[in-house]
Amino acid sequence: MAFLQVTRAVSTDGSVWRTNRAIVCEWGRRMRIWVLAVVLVSAAAAVPAAGPQTLVYSWSGNVGPLNPHLYSPNQMFAQAMVYEPLVRYTAEGGIAPWLAAAWEISADRRIYTFHLRHEVSFSDGTPFTAQAAKKNFDTVIANGRSHSWLALVAVIAEVRVIDDHTLQLILKQPYYPVLEDLALVRPFRFLSPAAFPPGGQTADGIRAPIGTGPWRLAESRLGEYDLFLRNERYWGFRPKIERIRVKVISDPNTCAVAFQAGEIDLIYGDDQISPFTYMLFRGDRRYSSGTSPPLATRALALNSAHGPTREIAVRRAIQHAVDKEALVKGVLLDTETRADTLLSPTRPYCNLGLTPRGHDPALAERLLDDAGWRRTDDERFRSKAGRPLSLDLCFIGKSALQKSIAEVVQADLQQVGIRVLLKGVEEDMFGKYQKEGAFHMIFNDTWGPPYEPHAYCSSMRVPSHADYQAQAGLPMKADIDAWIARVLVSTDENERRRLYREILSTLHDQAVYLPISYTTGLMVHGPDLAGVAYGPTRYEIAFEAMVKKQAATGLSPATEGHHAQLHP
Amino acid sequence: MRNYILKRVLILIPLLLTVSILVFLVLRLGANDPAMAYLRLSRIPPTDEALCAARQLLGLDRPWAVQYLDWLWHAVRLDFGNAYVTGAPVLARILYYLPNTLYLAGVSLLMTIVLSLPLGILAALNKDRWPDHLTRALAFTGVSMPGFWLGFLLVMLFSIRLGWLPPMGKGGVSHVIMPAFTLALMSLCINIRLMRGSMLEQLNTRSVLYARVRGLSERRVMGCHVLKNSLIPVVTAIGMHIGEMLGGAVVVEMIFSWPGVGRFAVSSIYNRDFPVMQCFILMMTMIFVFCNLAVDILYAWIDPRIRTGKGPDACI
């Protein structure tokens, strides 16, 4: 009882709460000190601004050890900064001299003789000679199994050194895209002989990433950044910018935020930001933005060997049912242009004047009716002999863009009575579906230059590609494969044109692809950056032509390439 | 106590072995093929020859049992193999990134403790008055707000609008403030509520009343009787928060491009880099077990009833 009285006394006279308020005040004082400390630290923490001699770019991961002859985790854009090819692919689709100043091709197209530039040296000072080039060719050929996708590796019979600056490639058989394959970012680029590993095979790794290119890799901090310095021994145009810091930013939203906060100077590429984010920047007068010329084709492959898409009428109806114009406007926000053919007419041998298949739902319905796919008044979807007209459309589940496009295609096809089931899968599973032909419709982008048309068409003969699987049901598939085989070894330009016309017009006629749009690279930068241009391929970034205005004393001569279509 | 600790440490051996087998099987039972991921990352068309070469390169062409035993044999000697994607030793890479994650989680934990205890006390001592309402509202909002959204809101405000803090990356102290706060907020809010509830409970116990009756100073009553006893559930929660923070760091590290082991693990999962995933999960298991052990020891230190094994009335 006494206990209860004491409790009441303590609680009712308010002394406890007065004491509590004193404690609160003390805590308040302590917290104020903490808040002040945090504010001071924040204020002291100035964001390190990159100087005029440093350009800051971002990439989803570190650039890797930069072995010029291997693949992942070496990043292609960085390999292209450090290593150079004998010849270079131009924006017009041609081939230009680079480390090789000139070349001759024998009459039987089996011997290529390259005359190397005399003034070239690696960034470690080692001269670039025919012996150094041969050492690189030999190690690539020795590791041929890793390059089985590239026909040239298997076609080279021998590499000969004629003199210090003359190199000969002897082929087992004629192969017309030799120069195109030599222009690729990998594997035919050149590492300094001093940077080869003790065993002499770069498949085992390299000592250091030393090439002849305008940049050299100076520092890599895992998960943070890679730092490139200007190669002061560079034989070509000297970049105005001294350093390129490539920050590791794996999330596209973070990339956009980092750009807005001034942490990076440049957004450049075909998957760095979404079209929506790009349009936000484009509407902001503080930034310059632009899109590249067509890089590749965004397309759906329609399986001619499986399900209702085996019928050409269904495939053709799909072409007319999808409103590509609305899709480009509504989903891609006009960052890409509508595609009417599998390969852009700007590619070599691809300007064939093929007739586009426009949006015409009535025609699509007629085609389906004529083919026996009919629907009764109370049915939404068509059927034939009890079989419903139902197709699956596979896309990469995490790709918001593919999902949006798939939904539009689904809605458009539903209008003409085709039921579409969307299948969003993981990227590797998606690859497996493509490889095994387990689809009716699947996203299947083309490869872009310099792979188009020769390497891309060549892959159509290999069963592991969606292209092969999509074409497998065509009655003339064997002919297509034979034409492709012939075009690659053809030595006659006119015959090559004729064969490419046969191949591409047959594919167009058979409607095994639904070309949607020509993909573009998106580019955004601030007003202090000039000379930003799109290179001829999506894998190379011409940093050497860029200038930060504070550092500029005049623009450096731009290498060949497209200037992006700049928007104010 | 020593036997208890020894026993808990020894349990780790069968636990890690079981986890390693489970992880190994779960990874391989999936339909995903690391060779396919390797070719995708290398931009090599997945021809049968290329797949075969990639499988051979990655050691995936051997039977599962051989792969596991080979991995285990090396793992017991702390050799967790090389990453499929980079070819670098897995343990070295994880140990390279781990300090960054521990730094981030450590700062978050510090924020949680430093902010949640006074706010919880403030709320308890001002029950049903405006500081209490304010703290409860904050706690409710904080618990409900997903980390990825909060992260971007903070960046929008402090990096883009005000320009006070860097939006990403690791550098000085300023770089850690936003990611640590994002990571800490949920634990912070849970702890505020816990501290408030626990403190209110303690304020109404007989021991506190008797302490006051004994004429002890209010500071002593609050410090030795209320605060210390109120901390017990909070300490238990903090043990769980460490796990949450290491797990939550995965999202925060992606948003803020923080070079930690969480982001490394995410990219490894995406790339089907089995050796990295196996090592990461084992290491996280060990960290969880040791954190729980540390909490149990701390718990026993704070509460003598646990240490002595006597009942709840032992100290009254």
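Every chain is numbered from 1 and lettered A, B, ... according to where its sequence line falls, protein lines coming before strand lines. Source: prediction; values computed, not measured.
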Find the distance between OH (B:Tyr96) and CZ (A:Arg221) and round it off to the nearest 0.5 Å. 5.0 Å

Given that the side chain runs from C-beta out, which part of A:Ser459 has a heavy atom under 4.5 Å from chain B: side chain, backbone, both or neither? neither

Just wondering, more than 12 heavy atoms not from A:Glu219 lying within 6.0 Å of its CD? yes

According to side-chain hydrogen bond (donor to acceptor under 3.5 Å, both in side chains), who are the partners of A:Gln272, at least two apart in sequence or on a separate chain? none

Using 0.5 Å steps for rounding, measure from the CD1 atom of B:Ile255 to the CD1 atom of A:Ile249. 13.5 Å

Does A:Ser464 reach the main-chain N or O of B:Asp48 with its side chain, forming a donor-acceptor pair under 3.5 Å? no

With a 4.5 Å cut-off on heavy-atom pairs, point out which of A:Val462, A:Val248, A:Asp251 contacts chain B the most. A:Val248

Do B:Met254 and A:Thr254 have side chains that get closer than 4.5 Å, going by heavy atoms? no

Among A:His147, A:Lys398, A:Gln434, A:Gln75, which residue forms the greatest number of heavy-atom pairs with chain B at distances under 4.5 Å? A:Lys398

Can you find a pair of side-chain heavy atoms, one from A:Asn253 and one from B:Phe152, that are under 4.5 Å apart? yes

Any side-chain heavy atom of B:Met36 sitting closer than 4.5 Å to one from A:Lys435? yes

Atom CE in B:Met168, atom OG in A:Ser58: separation rounded to 0.5 Å? 8.0 Å

pair A:Val257-B:Ile160: side-chain heavy atoms closer than 4.5 Å: yes

Can you find a heavy atom in the side chain of A:Lys247 that is under 4.5 Å from one in the side chain of B:Ser257? no

Which residues, numbered in order, of residues 263-273 of chain B come under 4.5 angstrom of chain A by heavy-atom distance? B:Arg263, B:Tyr270, B:Arg272

Between A:Gly223 and B:Pro259 the two heavy atoms that sit nearest each other are O-CB, 3.4 Å

Per-residue contact mode, B:Phe158 against chain A (heavy atom under 4.5 angstrom): neither

